[in-house]
Amino acid sequence: MDKKIKPFETKVWLSSPTMHGPELEYVKEAYETNWMSTVGENIHETERLACEKIGCKYAVALSTGTAALHMAVKLAGVKPGEQVFCSDMTFDATVNPVVYEGGVPVFIDTEYETWNMDPAALEKAFELYPEVKVVVVAHLYGTPGKMDEIREICEKHGAVIIEDAAESLGATYKGVQTGTFGTYNCISFNGNKIITGSSGGMLLTNEEEAANKVRKWSTQSRENAPWYQHEELGYNYRMSNVIAGVVRGQFPYLEEHIAQKKAIYERYKKGLQGLPVKMNPYDKENSEPNFWLSCLLIDPEAMCRQVRGEQEALYISEPGKSCPTEILETLAKYNAEGRPVWKPMHMQPIYRMNGFVTREGNGRAKTNAYIMGGAMGEDGRPLDVGMDIFQRGLCLPSDNKMTAKEQEIVIEIIRGCFE
Ligand SMILES: *Cc1c(COP(=O)(O)O)cnc(C)c1O
């Protein structure tokens, strides 16, 4: 490693909130007019802005994206014991709400072209579980998945799509915004997302009745009576008007953030040329990601040995090679934050008993995260794609506020790992 590189004085983050000013004005307005609860102009306006931007009929502002996904799973009518197909390489908030309702996630393996749900595996899954009626699809790191194929398969099998667009706000597939492909869709305004309210989320739908149900459920399911009257189970999931002020102030900057994130992606792509690595891929013809996180995938031949247990990792450094653990540890030494690629759900101890389907069928029968990591498919590619990407991939510092100069240094640090 080049000894001349000094650690960053201020940390370079993976993805941190980027404020602009109007957020504070809307929060102040809420304070001064005393609309400090879950009712008010900011909530109303934020919902309107979301519908306008994304192109859906109804948006319901909620406390988190996870709450929005929970409401979506309820709307889809998932019953205890019912199996639900879910994206496998995603954040666990995509699938936990299925379990809140007593549903049983069955994980669908990932494809290499967009790192999202593999339509071939989904098709196989319907052969194995023909009774499944709900599919939860995420767009990893802001890159739209293969929505035409996924929609066609779901239609054929009469399954409802819940779209988790928490990471992909502003991304489009064939010119259409993500968050509109499912019957019930979710976005998030968590602190590290492309725009933020510090927290918050929304349920998006074109069904008026669904939107009204969520408005009711998320405010404790109060009936229209002079006293607290309840006929249904309620939740305290509504967004605060203070939080909504932050989101309202952020919305006009969404496109600016996307442009910044795209510039970061392009700079990495150019700066890392010649190294045995690839950037997280997308379908250039059909989709425009929001480039939320820039990621790397190390070529198989260029991986040094790396072993991961449940809580820690070890590697053996080799000239000309590297691994996610080495790069992440090195970045951390220089005060820059990267992150491993999201560990696939089928590899998580909590979901070890759940089904997992690859493009060749029952993934549990042919691969085992703990025993047969390197199993190959009939096409000569790794059978467990999620595990392979997890093994070789990492998320790079992708903060809007990272300067071009800082990014150059990050690139130098990564280059150093392969020396
Ligand atoms: C962030 C995220 C969520 C959850 O959103 P919160 O607002 O943090 O609850 C759900 N799914 C994915 C894929 C996410 O990245």
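In what follows, residues are counted from 1 in the order of the sequence shown. Remember, it's 1-based here, ligands and their atoms both numbered in the order they're listed.
Annotation: cation-pi geometry satisfied between Lys74 and Trp217 (NZ/CZ under 6.0 angstrom from ring centroid, within 45° of ring axis). For the pair Arg48 and Phe251, the NZ or CZ position fails the cation-pi test of under 6.0 Å to the six-membered ring centre and within 45 degrees of the ring normal. Cation-pi check for Lys124 over Phe126 is not met; the charged atom does not lie both under 6.0 angstrom from the ring centroid and within 45 degrees of its normal.
Crowding of Glu312 atom CD: a count of heavy atoms from other residues, nucleotides or ligands under 6.0 Å not exceeding 12. Heavy atoms of other residues, nucleotides or ligands lying less than 6.0 angstrom from NE2 of His44 number 12 at most. Dense packing is recorded around NZ of Lys401, with more than 12 heavy atoms of other residues, nucleotides or ligands lying under 6.0 Å away.
Taking CG of Asp384 as the start and CZ of Arg364 as the end, the distance is 9.0 Å to the nearest 0.5 Å.
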Practice task
Evaluate side chain to side chain donor-acceptor pair (under 3.5 Å) for Asp399 paired with Ser16, printing each intermediate quantity in order.
Solution key: CA-CA 6 Å; Asp399 196 55; Ser16 73; 2.8 Å; yes
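Geometrically, ligand 1 and Gly65 share a nitrogen or oxygen pair separated by less than 3.5 Å. The shortest N or O to N or O distance between Glu167 and ligand 1 is under 3.5 Å. Remark: ligand 1 and Asn190 share an N or O pair separated by less than 3.5 Å (distance only, no angle test).
The ligand atoms of ligand 1 that sit less than 4.0 angstrom from a heavy atom of Lys193 are 1 (C), 2 (C), 14 (C), 15 (O). For ligand 1, the atoms lying closer than 4.0 Å to a non-hydrogen atom of Thr90 are 13 (C). Remark: ligand 1 atoms within the under-4.0 Å shell around heavy atoms of Ala93 are 3 (C), 4 (C), 10 (C).
For atom 13 (C) of ligand 1, the nearest non-hydrogen atom from the set Ile187, Thr196, Asp92, Asp164 comes from Asp164. Scanning Thr66, Thr64, Val136 for the heavy atom closest to atom 4 (C) of ligand 1 points to Thr66.
In Leu69, the part holding a heavy atom less than 4.0 Å from any atom of ligand 1 is the side chain. With a 4.0 Å heavy-atom cut-off, ligand 1 is reached by the side chain of Ala166 but not by its N, CA, C or O.
Looking from atom 5 (O) of ligand 1 to the surrounding protein, the closest heavy atom is Ser188 OG, 3.2 Å.
Ion pairing between a basic and an acidic side chain is recognised when a charged N comes within 4.0 Å of a carboxylate O; Glu47 and Arg215 show such pairing.
In this structure, His139 does not count as a contact residue of ligand 1, since none of its heavy atoms falls inside 4.0 Å of the ligand. Within the structure, the closest approach of Gly200 to ligand 1 falls below 4.0 Å when heavy atoms are considered.
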